[in-house]
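Only one structure is covered here, and it is reproduced in the block below.
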Amino acid sequence: MKARLLPLMITIWVAPFVQGWGPTGHRVVAEIAQRHLTPVARERTAKLLHEYSLAEVANWADELRSEPRYDKYKRLHFATVPDGV
């Protein structure tokens, strides 16, 4: 019984300190993603982002979502992409 309670107690203790991705997490994931782009995807991404890297624009949606004038774009903040796409 005690062995089962330990993971639960650790989770309860750690949970308040766990944060979401945050700006650094977004940039790290974007950098990793950029390193795995195909040459065609890399070229198209560079063109769309006007030569900015994914890491440089990774927090753009977070920065805009708190401004009411951008409410119409809130649904773009989250994207679910099916596996293999």
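Worth knowing before you read on, the calculation uses all heavy atoms, side chains too, and leaves out hydrogens, waters and symmetry mates. Throughout, numbering of the chain's residues begins at 1 and tracks the sequence.
Here the CD atom belonging to Glu51 is positioned 10.5 Å from the CD atom belonging to Glu56, to the nearest 0.5 angstrom. Separation of atoms CH2 (Trp60) and OH (Tyr70) is listed at 8.0 Å; rounding is to 0.5 Å.
A pairwise comparison of heavy atoms in Ala58 and Ala30 identifies CB-CB, 3.8 Å as the closest pair.
Ion pairing between Arg35 and Glu31 holds under the 4.0 Å rule for side-chain N and carboxylate O.
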Step-by-step side chain to side chain contact (heavy atoms under 4.5 Å, CB included) determination, Leu37 to Leu54: CA-CA 11 Å; Leu37 292 175; Leu54 288 177; 4.2 Å; yes
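Scored by the side chain to side chain contact (heavy atoms under 4.5 Å, CB included) test, Glu43 finds no partners at all (sequence neighbours excluded). Annotation: side chain to side chain contact (heavy atoms under 4.5 Å, CB included) contacts of Glu63 (sequence neighbours excluded): Asn59.
Judged by distance alone, the side chain of His36 and the main-chain N or O of Ile32 form a donor-acceptor pair under 3.5 Å.
A 4.5 Å side-chain heavy-atom check between Gln34 and Thr45 finds every atom pair outside the cut-off.
The local environment of CZ in Arg42 is crowded, with over 12 non-hydrogen atoms from other residues, nucleotides or ligands closer than 6.0 Å.
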